[in-house]
Enquirer: 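Dropping the structure in here first, questions after.
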Amino acid sequence: MSTTPVSPDVLVAALSTRDLTDPAQGPHALQILVEEAVRALTRDGMQVRLERSRPVVPVQDNYDLLGYAKDAVARDARYTRYVSDTCVLRGHTSAGIPSALRRLAADADAPAAVLLVLPGICHRRDAIDRLHSGTPHQLDLWLLRRGGRRLDHTDLADMVSRLLAAVLPGRHWTWTAAEHPYTVGGRQIDVIDAGHPVEIAECGLAAPHVLSNAGVDAERWSGLALGMGLDRVLMLRTGVPDIRLLRSTDPRVSDQMLDLAPYRPVSDLPPARRDVSVAVTAGADAETLGDRVRETLGPDADLVEEITVLSTTPYAALPGPARDRLGIRPGQDNVLLRIVLRPTDRTLTAGQANALRDRIYDALHEGAAGGSGTRVTRTSSPGESSSSVAAAPPLTAIAMWPAESTNTTRSPAATSPNVEASTTA
């Protein structure tokens with residue numbers, strides 16, 4: 001398993017990225033969602049503890065103390081941004097839970113009911129599309145109680161219902177059984193958007209080993225753990241169609257990111273599509289390829305709306321002429337990619353689109369020297385009329401948390417861990 005650290009340039013860029021949940025870095029609608037979530041879950045006599053962990057956290061807090069196996073896929077450098085062998089850029093806001101629990105354990109005056117609130121930016125290697133970002137925002141909500149009846153799935157269902165009624169009023173949602181290291185009886189929450197499920201959160205009962213690892217007496221304390229993707233919730237709440245818009249500097253867009261009013265489109269810019277055929281290491285997926293594109297393009301990565309893997313062909317299945325043309329070698333795959341280029345504030349010229357395509361191709365193609373490669377198999381000009389551009393499809397369900405990690409949730413009607421239930425917030 002690789003723990004190769006990110007380059008200094010990538011680290012500096014990550015640490016310089018604005019955390020949209022932090023009021024100290026300027027106002028944003030994500031902060032309003034956090035406030036609504038806290039109000040929905042706070043009860044009389046409950047102490048609310050807002051915690052903000054540092055962006056660089058120990059591997060121990062990001063994985064070990066949350067119960068991840070030593071060989072968990074999520075730990076590999078393909079998915080985790082290592083700073084050193086012992087530290088990573090925070091992969092999920094749950095990385096702040098161990099330290100928050102340690103402070104709770106050390107507080108002799110802690111009340112019997114505590115709500116831990118951990119919002120923040122996360123860093124991960126991810127695909128490029130309108131739902132995914134290498135720097136998503138998450139919110140962990142852990143409700144803990146000392147003594148009395150132990151919190152159970154009935155309490156969890158009530159927690160989810162109150163939360164979703166507040167942040168996504170009137171929305172239908174479902175939950176299904178899911179497993180992850182730091183909860184027991186986990187659930188995944190999907191909100192239905194235009195008939196399609198969109199994963200927005202994961203939850204479950206707080207695993208006793210997570211409490212014990214931090215010094216909290218798991219015999220006296222019980223808890224509910226929930227993690228929510230704030231970017232997607234905001235997109236569903238306001239109708240923002242593309243995650244890149246949440247960081248837009250265009251005043252017509254950024255002014256709309258200060259409240260929860262319905263999003264008003266400012267333009268319908270046509271896309272420029274480019275298909276490229278590349279040779280890559282076998283097993284490369286949309287997440288690792290997307291991350292390489294982000295690192296290569298830097299700030300220009302925001303010009304890319306989506307990169308989709310259209311097909312994958314292993315070396316052995318390619319005819320000789322195709323192998324020669326690609327310069328492909330054993331242990332590599334031929335991947336056909338569709339690149340959709342569409343800035344949120346302007347239209348690219350054909351020359352600009354082709355230049356971006358070439359930079360992406362050069363970053364991804366691993367064919368041997370002498371192979372000519374295939375850069376373009378299909379193009380559509382940025383000069384297409386806006387009326388010819390298909391409307392964006394509904395948001396679709398894709399996992400938000402690191403592999404083998406979840407903070408999942410279920411619905412009040414679910415009586416079996418394997419039963420999917422549906423309700424309306």
Side-chain angles (χ1 to χ4, degrees), residues 1-11 13-14 17 59 62-63 68 71-83 85 88-92 122-136 199 229 243-244 274-315 326-341 356-368 373-375 396-405:
M1 180 175 297
S2 172
T3 58
T4 304
V6 298
S7 69
D9 288 345
V10 169
L11 178 59
T17 302
V59 171
N62 202 73
Y63 290 126
Y68 282 83
D71 60 351
V73 173
R75 292 176 179 262
D76 193 87
R78 289 177 297 168
Y79 305 106
T80 296
R81 293 182 174 272
Y82 282 87
V83 175
D85 288 341
V88 298
L89 284 165
R90 181 178 56 213
H92 46 172
C122 304
H123 303 269
R124 62 180 50 174
R125 303 183 188 276
D126 218 332
I128 295 179
D129 58 40
R130 65 195 187 90
L131 271 182
H132 286 89
S133 165
T135 51
E199 182 189 352
I243 197 168
R244 294 174 299 165
R274 300 292 187 270
D275 291 356
V276 298
S277 177
V278 294
V280 299
T281 302
D285 54 22
E287 287 78 15
T288 53
L289 296 176
D291 193 66
R292 285 166 63 182
V293 171
R294 285 193 184 94
E295 289 192 9
T296 297
L297 297 186
D300 288 342
D302 282 341
L303 305 179
V304 184
E305 179 178 87
E306 184 172 15
I307 295 181
T308 304
V309 176
L310 299 180
S311 66
T312 301
T313 307
Y315 171 89
L326 285 165
I328 194 170
R329 295 165 292 198
Q332 293 183 328
D333 290 337
N334 174 210
V335 176
L336 177 60
L337 297 171
R338 173 153 299 164
I339 303 166
V340 180
L341 305 169
L356 282 169
R357 173 207 62 202
D358 291 348
R359 290 171 64 189
I360 293 171
Y361 174 88
D362 291 340
L364 298 181
H365 185 56
E366 301 171 9
T374 304
R375 289 196 176 181
T396 53
I398 311 172
M400 296 184 296
W401 274 262
E404 301 179 29
S405 131

Enquirer: Please assess Thr288 against Asp291 for the test side chain to side chain donor-acceptor pair (under 3.5 Å), listing each intermediate value before the final yes or no.
Expert: CA-CA 5 Å; Thr288 53; Asp291 193 66; over 6 Å; no
Enquirer: Measuring from atom CG of Asn62 to atom OH of Tyr82, what distance do you get when rounded to the nearest 0.5 angstrom?
Expert: 8.5 Å
Enquirer: Strictly by modelled atom types, are Asp129 and Thr308 linked by a side-chain donor-acceptor pair under 3.5 Å?
Expert: no
Enquirer: So, taking the atom named CG in Asp333 and the one named CG in Leu326, what distance separates them when rounded to the nearest 0.5 Å?
Expert: 11.0 Å
Enquirer: Hey, is the main chain of Gly91 close enough, under 3.5 Å, to the side chain of His123 for a donor-acceptor pair?
Expert: no
Enquirer: Under the side chain to side chain contact (heavy atoms under 4.5 Å, CB included) criterion, do Leu364 and Leu337 qualify, and how do the steps go?
Expert: CA-CA 10 Å; Leu364 298 181; Leu337 297 171; 3.4 Å; yes
Enquirer: Regarding Glu305 and Arg244, does a basic nitrogen lie under 4.0 Å from an acidic carboxylate oxygen?
Expert: yes
Enquirer: Grab the two heavy atoms, one from Ile128 and one from Gly290, that are nearest each other, plus how far apart they are.
Expert: CD1-O, 3.6 Å
Enquirer: Applying side chain to side chain contact (heavy atoms under 4.5 Å, CB included), run through Val59 and Arg75 and close with a yes or a no.
Expert: CA-CA 9 Å; Val59 171; Arg75 292 176 179 262; 3.9 Å; yes
Enquirer: For Asp300, enumerate each residue passing the salt bridge (charged side-chain N to carboxylate O under 4.0 Å, His left out) test, keeping only those at least two apart in sequence or located in another chain.
Expert: Arg359
Enquirer: For Glu366 and Gln332, work out which heavy atoms get closest and say how close.
Expert: O-NE2, 3.1 Å
Enquirer: Looking only at heavy atoms, what is the nearest atom pair of Pro314 and Thr312, with distance?
Expert: CD-O, 4.1 Å
Enquirer: Calculate, to the nearest 0.5 Å, the distance between atoms CG and OG1 belonging to Leu289 and Thr281 respectively.
Expert: 9.5 Å
Enquirer: Shortest non-hydrogen contact from Pro136 to Gly134?
Expert: CD-C, 3.4 Å
Enquirer: In Å, rounded to the nearest 0.5 Å, how long is the span from CG of Leu131 to CD of Glu306?
Expert: 9.0 Å
Enquirer: Taking Tyr63 for the side chain and Ala74 for the main chain, is one N or O donor matched with an acceptor at less than 3.5 Å?
Expert: yes
Enquirer: Closer than 3.5 angstrom, by distance alone: can the side chain of Arg292 be matched with the main-chain N or O of Ala363 as a donor-acceptor pair?
Expert: yes
Enquirer: Say you draw a straight line from OG1 of Thr135 to CD1 of Ile243; how long is it, rounded to the nearest 0.5 Å?
Expert: 7.5 Å
Enquirer: Identify the residue among Asp302, Asp126, Val10, Val304 that makes a side-chain contact (heavy atoms from CB on, under 4.5 Å) with Arg294.
Expert: Asp126
Enquirer: Looking at Val278, is its backbone amide N or carbonyl O close enough to the side chain of Asn334 to form a donor-acceptor pair, meaning the two atoms are under 3.5 Å apart?
Expert: yes
Enquirer: Determine, step by step, whether Arg125 and Val6 satisfy the side chain to side chain contact (heavy atoms under 4.5 Å, CB included) criterion, reporting the C-alpha distance in whole Å, the side-chain angles of both residues, the deciding distance to 0.1 Å, and the verdict.
Expert: CA-CA 11 Å; Arg125 303 183 188 276; Val6 298; 3.8 Å; yes
Enquirer: Can you name the residues that form a side-chain contact (heavy atoms from CB on, under 4.5 Å) with Ser311, not counting sequence neighbours?
Expert: Leu336
Enquirer: Quick one: do Ile360 and Thr296 satisfy side chain to side chain contact (heavy atoms under 4.5 Å, CB included)? Show the steps, please.
Expert: CA-CA 8 Å; Ile360 293 171; Thr296 297; over 6 Å; no
Enquirer: Can you tell me how far OG of Ser2 sits from OH of Tyr79, rounded to the nearest 0.5 angstrom?
Expert: 12.0 Å
